Structure formats: structure tokens, C-alpha cells
Amino acid sequence: MPERGLVLVGASGSGKTTLGRLVAERLGRRLIDTDALIEARTGLPPHEHLRRGGEAEFRQFEADAISEACAHHGAIIATGGGAVLDPLNRWTLWHHGTVAWLDVPAEVLVGRLEADGVERPLARPYRSATLEAMLAARLPFYRAADYRLDATADPQALVGELAAMVERQTPISRRLFDAEIDRHHPVGPPRTRVVMGLDLETPVLDGVVIIDRRLAHAGPPILANAPCLAIAGGEGAKRLHRLGEILEWLAGQRVERGTTLVAIGGGTIGDLAGTAAALFARGLPLVQVPTTWLAQADSAIGGKVAIDLRAAKNSAGAFWPPVEIISDVVALRSLPLRHRREGMAESIKSALIGDPGLWSLLESRGAASLRHDEATRYAIIERSARLKLDVCARDPFEAGERRTLNLGHTIGHALEIASGYRLAHGS
């Protein structure tokens, strides 16, 4: 089995190279600094690449350097501050070994960067406000690291902690994205946690579960001690009579306000269970565990939940944002190819709306992601989800910009209604 390595992530000036060198010396391992590797391969330091070719071109050099660095099993890798922005980079780095985030407050970074002779154009001007904004934008990626260290502590103590991490077994569960966002609702908690990755550890919750019948036999840990209602998924489930059955079941379980309702399945299960959560006891905490491409990329996000009427799709519902979204790409391994294609249709929509990088990824590796390329599959879904999260954060109740997310849905919904909901969303 290949030797597991150590990956250091964090902002420029957090000490990744310095601490990485000390850890490598202590353990007799190789240190690879990805910024230094870029310079060795191209003859130009990162700041020159950024000045001449811009950030997009530099990120491609950086991705190549990360792939090369991770090919050296057991190496200690010091990354650039923005290396975590690309989900494909994170996939590669997080598979290399244990990931440690060196966390340094913005005001401390200002002093370190001013004293450092290396130019950091993306962090300019070196002011607390600038660096705080940069750290906030990268926080969902840094938070996904296995460990978080206060990198203002004594360097020798930090080296000891990092060396000990390498000796521990790297967790099988790999969080790749871990964000806390505003929930935008006056009822319930103010924040929603969004976690994406693979082989995620699903928490055992004190609540009730609505699950797609096709998944019930798998017995995920979340079901251990929770009352569970298994129902057939699909658009036919999103009807008033099924919603009534769920509400009656919740009443029979003596569910009270504050009891968490967990929805496990695709978009139709999420919509149906979410509508029940919004109605019962005037609002139950909702956790979405989407298990389809479409749900992970789109429908589990944003808080719109609804059921269908005979002549109007998604016309009876509410804005009821979940308190947590847990998206595990492993759930898609058993998904039929036609369902993956339906999900990719939503990702194509996201790319058209506002992510040229996602469009390029779909063009170059989209076909492979439908079949065997799980890394690209994850990256496409994460980028789609991030775009929707950003749009919904700016327009949570669809008063303006959020309407762009309905691209193609007017005719799509009309065709679904005309087919008696036999035509699948995204087909």
C-alpha cells in the first residue's frame, strides 16, 4: 500500500513551506512546494504568471504541479493559497494523504506578507479587510481539511503535531467542501451547513427519516434508531395524497416541533419530505441527503420545496431551507446512466448561467464523468452547487436574479405536465 503523505493548505503567509520543510526533515520525507515546482517547470514564479497570463492560466499550471506532486507517495506537499479553489485539485490532494489547514488571522497575515519578499498579487493590498474577504471565500475549502491548526503557535510544537498526524491513519471519509451559509428564514436556525465529498460519515440524528424505497435496504447509519418511512420516488410521489400520508405518519410518530426530518433520496423525495417538514408543526428542521446527481447539483439547494398538481408542476409548496445538506458522490455509483444524464442537464444549465470554467470541464471531461471519472463527476456537481448557492444567497426568495436558475424550465415543466409526469425532469 502506498505511503500516505501530508498536505498543508492555508492562506499565503500561513507558514506552509517553512513548517513543511521542518516536518519533512523530521520524518525523512520529501517536501514539494507546488509554487516552487511551477517555477522550476516554467522558469517563472507564480506572481509573474499571474501578471502575464492572468489567474486562469496560472491555475492550469498549478493543477499540473499538484498532479505531479501527488504522484510522489508519502511526500509532504505545501500548496499555494488558492490551490484549494479547484475541486479537482482538492480531490487529488485529499487522496494524497492527511490534510492540515494552517489557520492564521488576517491581521497576522498582513504583517507576515509585508515582511516576506515574495510578491502575492492576489492578496494585494495587504490589509486586514482584503485578507478577511479572501479567507471567507476560501473557508468552505479550508474547513474540509482533516485538521485545523492555529499556525500562530510555537513552530516546534506545530511540527510535532503535524508529524504525529502523518503517523495516524488517514480517515476514509473525505470532506471536500464544508460551508455554513445564511438560511434566510425567520423560523428555525439562522445557518445551513453544506457538506460535500465522498464516503461521508452520515451523523446519527435524533429524528425521523423519509427515504426512497430503493435505498431503504442499504440501511445507512442515519437510520440506526430513527423511525423511517420508505416511499417510492419519482415525480408520481409528489402529489397531495402522498403528502397527506406523510403528515399522518408524522402525527402517528408523535413528532413534535424541533424533531429533525431527514430526506434521503432524489429530488422528488427531497421536495415531498421538505414540503411535509415545512407544514408539520409549522416547521420541522430539515436535513437533505440527496442521492442523485440532479438533487446534489440543484434541487436539494435553495430551500424551495413543493408538490405537483395535475395541471401545475411544483405549484403547492414553500420556501423551507434545510438546516443541513449532506451530498456524497459515492451515492451516484449505482445510479443508472439515464439518471446521471438527467442530472448533467442541470449542470449544463448552471454552466450556461454563469460558470465558463464548468462549461470547459463539461466539454473536456463531461462524457467520462457520466461513466468512470468520479473525480470529474464530483467537480461538476460541486461547481453546479456552488453557483446555485451563490445565486440563492443574493436572491433567496426569487425576486430577481434567482429566476435565471429556471432556464429551460418553462418549456420543460410544460412537457412534463403534458406527459402526465411520465417524462423525467432533465430528459
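Note that the structure is a prediction, hence the values are computed from the model and not measured. Position 1 is the first residue of the sequence; numbering continues from there.
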R340 CZ to L335 CG distance, which is reported to the nearest 0.5 Å: 6.5 Å
Step by step, would you call R26 with Q156 a side chain to side chain contact (heavy atoms under 4.5 Å, CB included)? CA-CA 11 Å; R26 177 175 293 197; Q156 289 304 318; 3.9 Å; yes
Interatomic distance, CG@D35 vs OG1@T17, rounded to 0.5 Å, equals 7.0 Å
Any T79 side-chain heavy atom under 4.5 Å of L93 side chain: yes
For the pair L229 and V208, evaluate side chain to side chain contact (heavy atoms under 4.5 Å, CB included) and give the outcome as yes or no after the intermediate values. CA-CA 8 Å; L229 177 63; V208 295; over 6 Å; no
Interatomic distance, CG@L200 vs OG@S327, rounded to 0.5 Å, equals 8.5 Å
Is it true that a side-chain atom of K388 and a backbone atom of A297 form a donor plus acceptor pair closer than 3.5 Å? no
Contact between R386 and D355 at the side-chain level, heavy atoms closer than 4.5 Å - yes or no? no
So does R148 get a backbone contact from the side chain of D103, meaning a donor-acceptor N/O pair under 3.5 Å? no
Closest approach of A276 and I246, non-hydrogen atoms and distance? CB-CG2, 3.7 Å
L162 and V166, any side-chain heavy atoms less than 4.5 Å apart: no
Where A237 and L272 come nearest, the two heavy atoms and their spacing: O-CD2, 3.4 Å
So do V159 and L19 actually touch side chain to side chain, heavy atoms under 4.5 Å? yes
Donor-acceptor pair, K16 side chain versus A11 backbone, under 3.5 Å? yes
Begin from the C-alpha positions of R193 and D178 and carry the test salt bridge (Lys or Arg N to Asp or Glu O under 4.0 Å) through to its verdict. CA-CA 7 Å; R193 186 183 182 197; D178 189 345; 2.7 Å; yes
Is there a donor-acceptor pair under 3.5 Å between the side chain of H96 and the backbone N or O of A75? yes
Is any side-chain heavy atom of I269 less than 4.5 Å from a side-chain heavy atom of I211? no
The test is side chain to side chain donor-acceptor pair (under 3.5 Å); show your working for S384 and S347 and say whether it passes. CA-CA 6 Å; S384 304; S347 294; 2.9 Å; yes
Between G234 and T268, which heavy-atom pair has the shortest distance, and what is it? N-OG1, 3.0 Å
Checking the side chain of R175 only, and the main-chain atoms of A145 only, is there a donor and an acceptor separated by less than 3.5 Å? yes
Please indicate whether R394 has more than 12 foreign heavy atoms, meaning atoms of other residues, nucleotides or ligands, lying under 6.0 Å from its CZ. yes
Would you say CZ of R127 has more than 12 non-hydrogen atoms from neighbouring residues, nucleotides or ligands within 6.0 angstrom? no
Could you check whether any side-chain heavy atom of Q60 comes within less than 4.5 Å of a side-chain heavy atom of H49, counting everything from C-beta outward? no
How far apart are the C-alpha atoms of M344 and L370, what are their side-chain angles, what is the distance that settles it, and do they pass the side chain to side chain contact (heavy atoms under 4.5 Å, CB included) test? CA-CA 8 Å; M344 181 175 276; L370 286 171; 3.7 Å; yes
Determine whether more than 12 heavy atoms belonging to other residues, nucleotides or ligands lie under 6.0 Å from atom CG of L337. yes
Main-chain N/O of H47 paired to R52 side chain as donor or acceptor, under 3.5 Å: no
Examine H339 together with W293 and report whether their ring centres are nearer than 6.0 Å. no
Would you say Y378 and R174 make side-chain contact, with heavy atoms under 4.5 Å? no
Got a salt bridge between R365 and D373, using NZ or NE/NH1/NH2 to carboxylate O under 4.0 Å? yes
Any donor-acceptor pair under 3.5 Å from D146 side chain to T98 backbone: no
Between E39 and E48, does a side chain to side chain contact (heavy atoms under 4.5 Å, CB included) hold up when you go through it step by step? CA-CA 10 Å; E39 184 170 0; E48 279 298 318; over 6 Å; no
Of V23, I76, L6, the one forming a side-chain contact (heavy atoms from CB on, under 4.5 Å) with R29 is I76
Quick check for you: to the nearest 0.5 Å, what is the distance between Q288 atom CD and T192 atom OG1? 10.5 Å
For residues R403 and E398, report the shortest heavy-atom separation together with the two atoms involved. NE-O, 3.4 Å
Centre of Y126's six-membered ring, under 6.0 Å away, within 45 degrees of the axis: is that where NZ or CZ of R124 sits? yes
Working to the nearest 0.5 angstrom, can you tell me the gap between Q296 CD and D298 CG? 12.0 Å
Between I325 and P290 the two heavy atoms that sit nearest each other are CG2-CD, 4.2 Å
Taking the side chain as every heavy atom from C-beta outward, state whether R112 and V104 have any atom pair closer than 4.5 Å. yes
Show your reasoning for whether salt bridge (Lys or Arg N to Asp or Glu O under 4.0 Å) applies to E25 and R21. CA-CA 6 Å; E25 290 173 356; R21 183 179 299 111; 5.3 Å; no
Please state whether the rings of W101 and Y142 are parallel, tilted or perpendicular, taking 30° and 60° as the class boundaries. parallel
Rounded to the nearest 0.5 Å, how far does NZ of K238 lie from NZ of K313? 4.0 Å
Do you know which two heavy atoms are closest between A273 and L261, and how far apart they sit? CB-CD2, 3.8 Å
Output, in order, the C-alpha distance, side-chain angles, deciding distance and verdict of salt bridge (Lys or Arg N to Asp or Glu O under 4.0 Å) for D271 and K304. CA-CA 8 Å; D271 258 350; K304 284 169 60 177; over 6 Å; no
Between R402 (side chain only) and G302 (backbone N and O only), is there a donor and an acceptor less than 3.5 Å apart? yes
Measure the acute angle between the ring planes of H185 and W320, then classify it against the limits of 30° and 60° as parallel, tilted or perpendicular. perpendicular
